[in-house]
Amino acid sequence: MFIRIAALFGLSFAIVVGTLAVADRITLAQAPTPPAAGEPAAQVAPIPPVPAAPQPAEPAPQTLAPPVAITPPPDSAPPVATAPPEPPPAAVVTVPTPMPPAKPTIAEEKKSLAAKLLFAAKQLPNLGKAMAIGYYPRGCLSGGVPLPVTGPTWQVMRVSRNRNWGHPSLVRFLEKFAPAAAKATGWKGILVGDMAQPRGGPLPFGHMSHQIGLDVDVWFLPMPGHVLSKDERENTSAINVVADDWKHLNPKTWTPQHIAFIKAAAEQPDVERVLVNAAIKQELCRVEGKSNDWMTKVRPWYGHHDHIHVRLKCPADSPNCRAQPPVSGDDGCGKGALDFWFSDKVLRPKIATPSKPPKALTLADLPPACKTVLDAPERQPVQTSGR
Ligand SMILES: [Zn+2]
């Protein structure tokens, strides 16, 4: 009898435990999937976090720049990334069981999240071969390398942004360009602004391009003679060399050394384009004449009144890097070549009804290899032993 009672008791106990275990499993299955180790919370949260208030995109305050306008001229423009037509939203599946496997859910969710949040969350590059992937305003960077924040003839500004990364060819370019610019101008060196994020990709603020590790901004402000403090790197303002009318240069800030600086950049063989404000291009046309090869690479673009933007050609090791159509071969100084840039359309655009901001790029908009770059393990920084 006792044995039978004990057996019954044991059986009931087993049923209860079993039921609990099953319930537990169901609960686990229905609970939101926890973020994979090392993944930013943003990737699983249903609503992407609102990024912190945008800092000024470029070194100088935005208000200095002529308002960004509309139709780029056919030639110089780094192409504006326009989002492809939005696919219809996926139907919400409400069937309670069985739960879909967790992995595809995360992957799907990741695909629809703004890629800028995913790439900005990566503090280190991926472990992988160095490659520029995709197009300057729509791609990413594999195996990025950092430019040291202080070099013999350069210093990196706004270090907190963690944008001093690039394809090795960009770092090599800067290591050659910095002393060349110092020599050509008599400056102590150059101040380097934004390059790319550790894994490239779209940036949460500031640029459409700079995504594949081949773009860099270099300031018109010469490097001072001392190593800048952290605060100085964050708070020093760039100088605007263009006058208030946006048609002439500011004689108080523009110097002949700036021509030597731009020329030193454009003369480097890997350089595809050097973007400057139209008022600067106009001055180069006046001073440098029309017969210089390097002048063909220097192209007018919005802003760029306090820095040059240097873009390198696709490196040989990057088969998935899409080249920008080469410059037309003329120096851009012909009659009327700059008229567009000094037109009311650019300098005094009518304030139209505010249009919806362009849809943020998602992972699905980028080359598939960018997902691999994003998911790859990180490459730890090289430890210096101090000995
Ligand atoms: Zn730039």
Side-chain angles (χ1 to χ4, degrees), residues 54-62 64-69 72 75-81 116 119-120 132 134-141 144 147 154-167 169-171 173-174 177-178 181 190-198 200-221 233 236-242 258 261-262 264-266 268 270-281 297-314 321 324 327 341 361:
Q55 299 170 35
E58 303 287 355
Q62 283 291 328
L64 281 177
V68 172
D75 175 41
S76 57
V80 173
K116 60 186 176 186
F119 280 95
Y135 201 35
Y136 302 90
R138 190 181 283 236
C140 62
L141 167 67
L147 177 74
W154 74 82
Q155 297 192 48
V156 172
M157 303 301 282
R158 309 292 189 263
V159 177
S160 66
R161 294 180 181 183
N162 196 27
R163 292 179 180 175
N164 56 318
W165 299 84
H167 183 276
S169 65
L170 186 62
V171 171
F173 160 76
L174 285 162
F177 168 56
I190 56 169
L191 296 178
V192 178
D194 285 350
M195 295 165 61
Q197 301 175 120
L203 295 100
F205 62 92
H207 310 272
M208 289 289 247
S209 62
H210 289 249
Q211 294 192 21
I212 60 176
L214 298 175
D215 295 284
V216 57
D217 292 342
V218 187
W219 290 20
F220 283 130
L221 183 67
R233 291 180 199 246
T236 303
S237 296
I239 46 158
N240 178 8
V241 295
V242 179
H258 286 110
F261 167 68
I262 296 165
Q268 298 284 333
D270 293 349
V271 170
E272 169 68 44
R273 297 275 203 285
V274 177
L275 304 179
V276 298
N277 187 274
I280 298 170
K281 176 71 186 185
K297 296 185 191 172
V298 181
R299 296 282 150 168
W301 193 241
Y302 300 100
H304 298 89
H305 49 280
D306 55 19
H307 69 274
I308 57 171
H309 174 130
V310 181
R311 167 166 298 171
L312 301 191
K313 295 172 183 162
C314 282
C321 175
Q324 183 165 10
V327 281
W341 294 100
L361 295 176

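For ligands, and for the atoms within them, numbers begin at 1 and follow the listed sequence.
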Asker: So, of the N/O/S atoms that His210 has, which is the nearest one to the Zn ion (ligand 1)?
Answerer: NE2
Asker: Can you confirm whether Ile190 sits close enough to Phe261 that some side-chain heavy atom of one is under 4.5 Å from a side-chain heavy atom of the other?
Answerer: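 Side-chain contact under 4.5 Å: yes.
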Asker: Write the atom name of the N, O or S atom in His309 that is nearest the Zn ion (ligand 1).
Answerer: ND1
Asker: Indicate yes or no: does Asp270 engage Lys313 in a salt bridge with an N to O separation below 4.0 Å.
Answerer: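 Salt bridge absent between Asp270 and Lys313.
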Asker: Under the rule for side chain to side chain contact (heavy atoms under 4.5 Å, CB included), what residues qualify as partners of Ala120, not counting sequence neighbours?
Answerer: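 Listed in chain order: Gln197, Pro204.
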Asker: What N/O/S atom of Asp217 is the closest to the Zn ion (ligand 1)?
Answerer: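 Going by distance to the Zn ion (ligand 1), the closest N, O or S atom in Asp217 is OD1.
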Asker: Is there a side-chain contact between His207 and Asp217 (heavy atoms, below 4.5 Å)?
Answerer: yes
